[in-house]
Number of protein chains: 2
Amino acid sequence: MTKRFVDDCVATREILSLIGDKWSVMVIVNLGDGAVRFSDLKRAIEGISQRMLTLTLRGLESDGLVSRTVFPTTPPRVDYALTKLGRTLLDPVTELAIWAQRHRPEIQRAREAFQRASAPK
Amino acid sequence: MTKRFVDDCVATREILSLIGDKWSVMVIVNLGDGAVRFSDLKRAIEGISQRMLTLTLRGLESDGLVSRTVFPTTPPRVDYALTKLGRTLLDPVTELAIWAQRHRPEIQRAREAFQRASAPK
DNA sequence: CGGAATCCGCAAAGATACTG
DNA sequence: CAGTATCTTTGCGGATTCCG
């Protein structure tokens, strides 16, 4: 095993810790088309709680992937958008998405086969 | 937001649940060059416990990404390798790794800036 | 509207010991 | 060597409440 693989590994682990959580990818994909405000984002991502959306956005913001813009109106309005850095992540994530789509049935079959093999009774 | 994005999203979430955990990527990368036996794998992946390595390998095996070969010798020997499906995942993962390598300093700087901004005291 | 603060349950992960 | 079994700990994520 080469040194490069090890480095890739560590770096990949690092970025997986950025977007490997339950909601980050959903947020990134939803911001792919442009700025979206908090409440719209919450509606768009089914099942997410207010707290997790806030936490996820804070995380992405701290990593420089998402920007936050506050409009001091009443009621207040906050827009979120991908930064330039965040948009560059869109491509690799899409690659993964394509892989996932393409091999989903294969994985499904493998899982069923594994189930049968481990619990034949 | 298009329907396609939503689907990609779900599919990506699915595959992130395969390899988004703490150790799977490490294992996949380490198997990139060919079959590796359990104890060598454990040595190669610093910090992993015997239990987590076992669980991770079982998970990857059940998804059809990794194959397990037992040699009935004494002492026993077990080799793990990427399946054909597992090898196809190597490319997208490498893409992500390259992205991670390239943007690591940028992310690092963003984090430090965010820290300073949120706790200026 | 867009949060922050608090409490809590559960599952993932770690440590340790034992086994074919 | 390559696991399994058991216990403990950690921390993510959900629900709820309160605030500017």
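This is a predicted model, so every value here is computed, not measured.
- Heavy-atom contacts from other residues, nucleotides or ligands closer than 6.0 Å to CZ of B:R58 number more than 12.
- Put simply, B:R68 has a side-chain N or O that comes within less than 4.0 Å of OP1 or OP2 on D:dG3.
- Comparing D:dG3, C:dA13, D:dC1 against the side chain of B:S39 picks out D:dC1 as the nearest.
- Judged by atom type and distance alone, A:R51 reaches the base of D:dG13 through a side-chain donor-acceptor pair under 3.5 Å.
- Among the heavy atoms of the strands, none lies under 4.0 Å from B:S49.
- Counting only heavy atoms from C-beta on, A:D21 has its side chain closest to D:dG13 among C:dA13, C:dC1, D:dG13.
- Across all strands, B:K42 comes closer than 4.0 Å to no nucleic acid atom at all (heavy-atom distances).
- A straight line from CG of B:L57 to P of D:dT4 spans 11 Å, rounded to a whole angstrom.
- A distance-only check finds a donor-acceptor pair linking the side chain of A:N30 to the backbone of A:M26 [under 3.5 Å].
- Phosphate proximity of D:dG3 to B:T54: absent, as no side-chain N or O sits under 4.0 Å from OP1 or OP2.
- Using a 4.5 Å heavy-atom cutoff, the side chains of A:L60 and A:L18 are not in contact.
- With respect to the salt-bridge test (charged N to carboxylate O, under 4.0 angstrom), the residues A:D79 and A:R77 qualify.
- For A:M52, whose side chain is taken as the heavy atoms from C-beta onward, the closest listed nucleotide among D:dG14, D:dA2, C:dG2 is D:dG14.
- Going from atom CD1 of B:I48 over to atom C1' of C:dG14 covers 12 Å, rounded to whole Å.
- The side chain of A:P76 lies closest to D:dG20 when the candidates are C:dG14, D:dG20, C:dG3.
- Between the NZ atom of B:K22 and the C1' atom of D:dG11 there is a distance of 11 Å, given to the nearest Å.
- The residue among A:W23 and B:R77 whose nearest nucleotide of DNA chain D lies closer to the 5′ end is B:R77.
- Taking 4.0 angstrom as the limit, B:Y80 places none of its side-chain polar atoms (N or O) nearer than this to OP1 or OP2 of D:dC1.
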